[in-house]
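Have a look at the structure below before the remarks.
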Amino acid sequence: MAEARGREMREEEVRLSEAEIAVHWKEEALYYPGPKFIGQANLTDPAVTERFSEKNFPECFREYADLLTWDKYWHTTLDTSKAPFWKWFVGGRINVSKNCVDRHLEKHRNKAAILWVPEPEDEPTVVITFQDLYNRVNEMAALLRDHCGLKKGDRVTIHMPMVAELPVTMLACARLGVIHSVVFGGFSGEACGARIVDSASRVLITMDGYYRSGKLLDHKVNADIAVKKAADEGTTVEKVLIWQRHRDKYSSPTPLVAGRDFVVNDLLKTFAGARVEPVSMPAEDPLFLMYTSGSTGKPKGCQHSTGGYLAYVTGTSKYIQDIHTTDVYWCMADIGWITGHSYIVYGPLALAATTVMYEGVPTYPDAGRPWRIAERLGVNIFHTSPTAIRALRKLGPDEPKKYHYSFKCMTTVGEPIEPEAWKWYYDVVGRGEAAITDTWWQTENGGFLCSTKPAIDAMKPGSTGPPMPGIYPIIYDEQGKEIPVGAGKAGNICIRNPWPGMFQTIWGDPDRFVKTYYAKYNKNKTSTDWHDWPYFAGDGAVWAPDGYIRILGRVDDVINVAGHRLGTKEIESACLTVPEVAEAAVVPVVDPEKGRVPEVYIALKPGVKADKAMEEKIGKAVETVIGKIARPRTVRIVPDMPKTRSGKIMRRVLASISNRMDYGDITTLANPEVVEQIRVQVQGAGPVQKQAGPEDIKAFGKDA
Ligand code: PRX
């Protein structure tokens, strides 16, 4: 009896995570950067590792902070007195907009700051020089201040697509010390509304429409949904500012609401030529919030600082992205995610680089589009995700060969990249010349945590690389025992030390911050010594004998879909908004293109008919509550959920079935017979299938 109970408890604890279905690749040979790249690189001195070693911590990060223009230099590099709420560059004052715009005017006034490429190929590229950017940021800041009454510390939600007006708006906020919360344009109006409520924003900034896959989408409609959702939850949005996709033309069929909605392009006429003094911000004041998914249903508002964040993204942009002012840099991410904040807007602009923005889908109208853009604009640094690389390779494996561009270095981010895709990126996109950095980090981190230093370290396909300068990782097992480098075992990767780009807290929920990221391996709750507070990243990882780290994926209830984090609970709650649904369980499924996709299992209320229409209704509900990106690949309506005797849904069993893995011991379940029924429903009759394909799927925790 006691033994059976023990087994049942263990069953309950085991949830199939991404890392458990991680793909294990064999060790790959090393690739070396070429002399041409090394000859011009910003970081070539291997002594950087020593300079940023623990004995020089935290003062080593002065090197990054000194890349910025400070209004007032700081007196304390790192204050740990309120651990784990670290404070960087205390006493310093700085303005981000001044650092990304004003300070470049003297030398780079008429150099392109932003090159914006519309999706329709017949629309010309828009060039915004640093002088233009200065004008536009000032005018927008004046509008925010004088028309909306916004001031330092206020929050503003921005729900915009990939248009140049988005960084203009962000920099205008930064100029005033207003905290921006950019919500990914592809998220639904409801998801935007929930973020407005959490951040208590009284102003929403949006756009009438934008192009996606050749269609002009109505985006304004989402603002109405967002404002209603916020109102339902007690938050009043006083003003909605709407940018126009086409100058002097309103491009949405959704009407304006008198007194609430304002067309930015009209209002700006009043502010032509306005100048706004940048507000000198304490280094530790927040710059922005970025919401990300967690294990519980509610997204977390990651609060990023002003001075520490900007120092970290500027340093890593210079040394890892190898950005010089003369470079044309293109990161194909969306600014609605952290990659876009750090490595489209803030890092590159702080370095006075030219940053390219593209409105649409990379494969529109065909898989040659990115390479045409690169050729046309002279892009020499390229940054994208494994999902995009897989899609471009699948649809146009030889397209890069048709265009005359030359990349000196390239980045991949967001998910593990399989060596096969890496090699295509290297050989075909990079023509065997561009150095690749595989950068591992998270929304919470502000900037890279692991990556090769492109002119110093060799590249290893499938591995992110060694830790960044000044980042000291450790891999723990579940019990908190260190798994040494080279042990060949996977565990939970943690970072032992604070760093300037690390987020400060979860907006409005400091307890959740401590609980989620520090409680697991904290050695002493009252300690003010950073050594006692390892940061738990939530990823499984293996540390090879050569010091290279391989990331296996999430160990918690988060699914990384195409490099974007989605909480399983979030998707399940969305399914439960359909009144006929009794229970929902979401599991990650390996997908050859997107890395992982969510699949949902549904048990309906008694008497409800399972049919295609019901599946469609559930898929649609997820789209409405979160957005298209979260839509499950398959909705599987099953007769019953496999459950433990205490009533917990066994997602592990469902995930095994979806991934065609062995579902293991199910004898302790309350209803083991349903498992085989579900397996036949999903996999068809016949013996248990093994996932076909080149990838060898093994269980997390086994030897790698
Ligand atoms: O699982 C890791 C994966 O993406 C997660 C973070 O997602 P997000 O906060 O949306 O930020 C994505 C871009 C910074 C991580 O916990 N991940 C990110 N980069 C890599 C990665 N997995 C493997 N290799 C990477 N280079």
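One-based numbering, in listed order, for ligands and for the atoms of each.
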Per [atom], closest listed option by heavy atom ([options]):
| atom | options | answer |
| --- | --- | --- |
| atom 9 (O) of ligand 1 | Thr443, Ile559, Asp556 | Thr443 |
| atom 8 (P) of ligand 1 | Met290, Glu444, Arg565 | Arg565 |
| atom 1 (O) of ligand 1 | Ile338, Thr464, Asp539 | Asp539 |
| atom 14 (C) of ligand 1 | Tyr343, Trp441, Trp337, Trp440 | Trp441 |
| atom 21 (C) of ligand 1 | Glu415, Arg596, Arg550 | Glu415 |

Would you mind checking which non-hydrogen protein atom is closest to [atom], with the distance to 0.1 Å?
| atom | result |
| --- | --- |
| atom 5 (C) of ligand 1 | Asn560 ND2, 3.7 Å |
| atom 17 (N) of ligand 1 | Gly414 O, 3.2 Å |
| atom 12 (C) of ligand 1 | Gly563 O, 4.1 Å |
| atom 13 (C) of ligand 1 | Thr339 OG1, 3.5 Å |

**Carboxylate-amine/guanidinium proximity below 4.0 Å for Glu27 and Arg550** = yes
**Request:** Kindly state whether the ring of Trp440 and the ring of Phe448 have centres lying under 6.0 angstrom apart.
**Result:** no
**Request:** Would you please classify the geometry between the Phe407 ring and the Phe382 ring as parallel, tilted or perpendicular, with 30° and 60° separating the classes?
**Result:** parallel
**Prompt:** In terms of ring plane angle, is the pair Phe288 and His180 parallel, tilted or perpendicular, where the classes change at 30° and 60°?
**Reply:** parallel
**Message:** What I want to know is whether His564 and ligand 1 share at least one N or O pair that is separated by under 3.5 angstrom.
**Reply:** no
**Asked** Hey, does Thr412 come in under 3.5 Å of ligand 1, counting only N/O atoms on both sides?
**Response** no
Is it true that [Y] and [X] share a donor-acceptor pair across their side chains at a distance under 3.5 Å?
| X | Y | result |
| --- | --- | --- |
| Gln504 | Ser305 | no |
| His383 | Gln321 | yes |
| Ser201 | Ser199 | yes |

**Contact atoms of ligand 1, heavy-atom distance to Asp438 under 4.0 Å** = 24 (N), 25 (C), 26 (N)
**Prompt:** Which of the atoms of ligand 1 are close to Pro416, meaning less than 4.0 Å from one of its heavy atoms?
**Reply:** 22 (N), 23 (C), 24 (N)
**Asked** Which bit of Asn445 is near ligand 1, meaning a heavy atom under 4.0 Å away: side chain, backbone, both or neither?
**Response** neither
**Asked** Quick one: does NZ or CZ of Arg431 land under 6.0 Å from the six-membered ring centre of Tyr426, within 45 degrees of the ring axis?
**Response** no
**Asked** Got a sec, which residues hit side-chain contact (heavy atoms from CB on, under 4.5 Å) with Asp334, two or more places apart in sequence or on another chain?
**Response** Met162, Phe184, Trp337
